[in-house]
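Computed over heavy atoms, backbone and side chain alike; hydrogens, waters and symmetry mates excluded. Chain naming here is simple, since letters A, B, ... match the order of the sequence lines and numbering starts at 1 in each.
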Protein chains: 2
Amino acid sequence: MTQESPLGTATFQLGILGGMIFEAYGARLETIGLKVKHVAVLTALAEFGPTAQQDLARTVRVAPSLVVLYADQLEHLDAVQRVRDAGDRRRQLLSLTPAGKHLLAKAATLAREVDAEFLGALRPEEVQGLDAALRTLSAKHLTVPR
Amino acid sequence: MTQESPLGTATFQLGILGGMIFEAYGARLETIGLKVKHVAVLTALAEFGPTAQQDLARTVRVAPSLVVLYADQLEHLDAVQRVRDAGDRRRQLLSLTPAGKHLLAKAATLAREVDAEFLGALRPEEVQGLDAALRTLSAKHLTVPR
DNA sequence: TATTGTTATACTCTATAACTATA
DNA sequence: TATAGTTATAGAGTATAACAATA
């Protein structure tokens, strides 16, 4: 029998749950003046070290002009520094400041709070199953496009 | 040791993966003239039967004015009908037409294609684990607010 | 007076394209 | 001439508030 509704698909459920989770996360991030995209930028910098804005645009999958905006706002919060690349003076390398690392740690704490809130309904073995699947999916899909 | 990045949290991974999945799903839905929100409305109608637009707004968690827009567009596709509630003539009941059911079935097929594409990297037991967790989470969070 | 659906308006987010400075 | 970053502009999406019809 053909399934006549998308309700039971992983696509539909992951999409909707992901949206709800980011909504909840965004609400908590407001308390430290960040949005989810800011956290994505900070996370990329922590992961890859100082990075040119153009490269960051590919990593976070947003237009280069948006990276300018996020960088401006994060610089305003003293979370990142722009440093001219000595070798190629067109490039601005973004790097995390100590305040930025601190902010990222706070963002991580808030994310774990949302984890607890949303995953609280799961039994331990379900949490394990979810984590295992997410690990594999992240390794496959959360990569940096070239 | 405190985890200094949100990268490993379920919140971060579910949010980003959910966004990527809906992006891929949206691209496929274009081929049948729908967006994800349209599918959400159609799914709700299939699940709950003819529904007033105000109630639909709560179910799909969007502003009532947006339901008007989606209903207009879906009516244009002959996917839904507006019928005045005889008992309360202020209410417009939205109901699925045969064409709407057909469209929803197509949307379900496309969702399963995205499932296959994204979950293809998972081993069978990981798929099982993910499905079990999603089922529980959907039961908890994908409910209709009162 | 309250509620349903609708319309009008405004705001947020983001993409595209033009501009500048370096290469 | 090509590329990195920036700025300007425009479009999509959505929320808020005002309005009309019905209760």
Which whole-number value in Å describes the distance from [X] [atom1] to [N] [atom2]?
{"X": "B:Asp88", "N": "C:dT3", "atom1": "CG", "atom2": "P", "answer": "12 Å"}
{"X": "B:Asp85", "N": "C:dT4", "atom1": "CG", "atom2": "C1'", "answer": "11 Å"}
{"X": "B:Arg89", "N": "C:dG5", "atom1": "CZ", "atom2": "C1'", "answer": "13 Å"}
{"X": "A:Phe22", "N": "C:dC13", "atom1": "CZ", "atom2": "P", "answer": "15 Å"}
{"X": "B:Arg84", "N": "D:dA20", "atom1": "CZ", "atom2": "P", "answer": "16 Å"}
{"X": "A:Gln53", "N": "D:dT3", "atom1": "CD", "atom2": "C1'", "answer": "14 Å"}
{"X": "B:Glu23", "N": "D:dG13", "atom1": "CD", "atom2": "P", "answer": "13 Å"}

Is the shortest side-chain N/O distance from [X] to OP1 or OP2 of [N] below 4.0 Å?
{"X": "A:Gln54", "N": "D:dG5", "value": "yes"}
{"X": "A:Arg91", "N": "D:dT6", "value": "no"}
{"X": "A:Lys35", "N": "C:dT12", "value": "no"}

### Task
Select from A:Lys37 and B:Arg82 the residue whose nearest nucleotide in DNA chain C is closer to the 5' end of that strand.
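Between the two, 5'-proximity favours B:Arg82.
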
Basic-acidic side-chain contact under 4.0 Å: [X], [Y]:
{"X": "B:Arg91", "Y": "B:Asp55", "result": "yes"}
{"X": "B:Glu113", "Y": "B:Arg28", "result": "yes"}
{"X": "A:Lys101", "Y": "B:Glu4", "result": "no"}

Would a single hydrophobic cluster contain both B:Val68 and B:Val80, if residues Ile, Leu, Val, Met, Phe, Trp and Tyr are joined by side-chain heavy-atom contacts under 4.5 Å?
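Hydrophobic grouping puts B:Val80 apart from B:Val68.
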
Less than 4.5 Å apart, any side-chain heavy atom of [X] and any of [Y]?
{"X": "B:Leu14", "Y": "A:Leu17", "value": "no"}
{"X": "A:Leu104", "Y": "B:Pro6", "value": "yes"}
{"X": "A:Val60", "Y": "A:Thr43", "value": "no"}
{"X": "B:Glu75", "Y": "B:Gln81", "value": "no"}
{"X": "A:Leu29", "Y": "A:Val39", "value": "yes"}

Go through residues 59-73 of chain A and report each residue with a non-hydrogen atom lying under 4.0 Å from DNA chain D, sorted by number.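 The stretch gives A:Ser65, A:Val68 as the residues lying under 4.0 Å from the strand, ordered by number.
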
Review point. Where the side chain of A:Gln92 is concerned, which of C:dT12, C:dT4, D:dG5 is the nearest nucleotide?
Key: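 Output: D:dG5.
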
What does the inter-axis angle of the helix from C:dT1-D:dA23 to C:dA23-D:dT1 come out as, five pairs per end, nearest 10 degrees?
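Taking five pairs per end, the axes differ by 10°.
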
* Any donor-acceptor pair under 3.5 Å joining the side chain of B:Arg90 to the base of C:dT3? ->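 Indeed there is one.
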
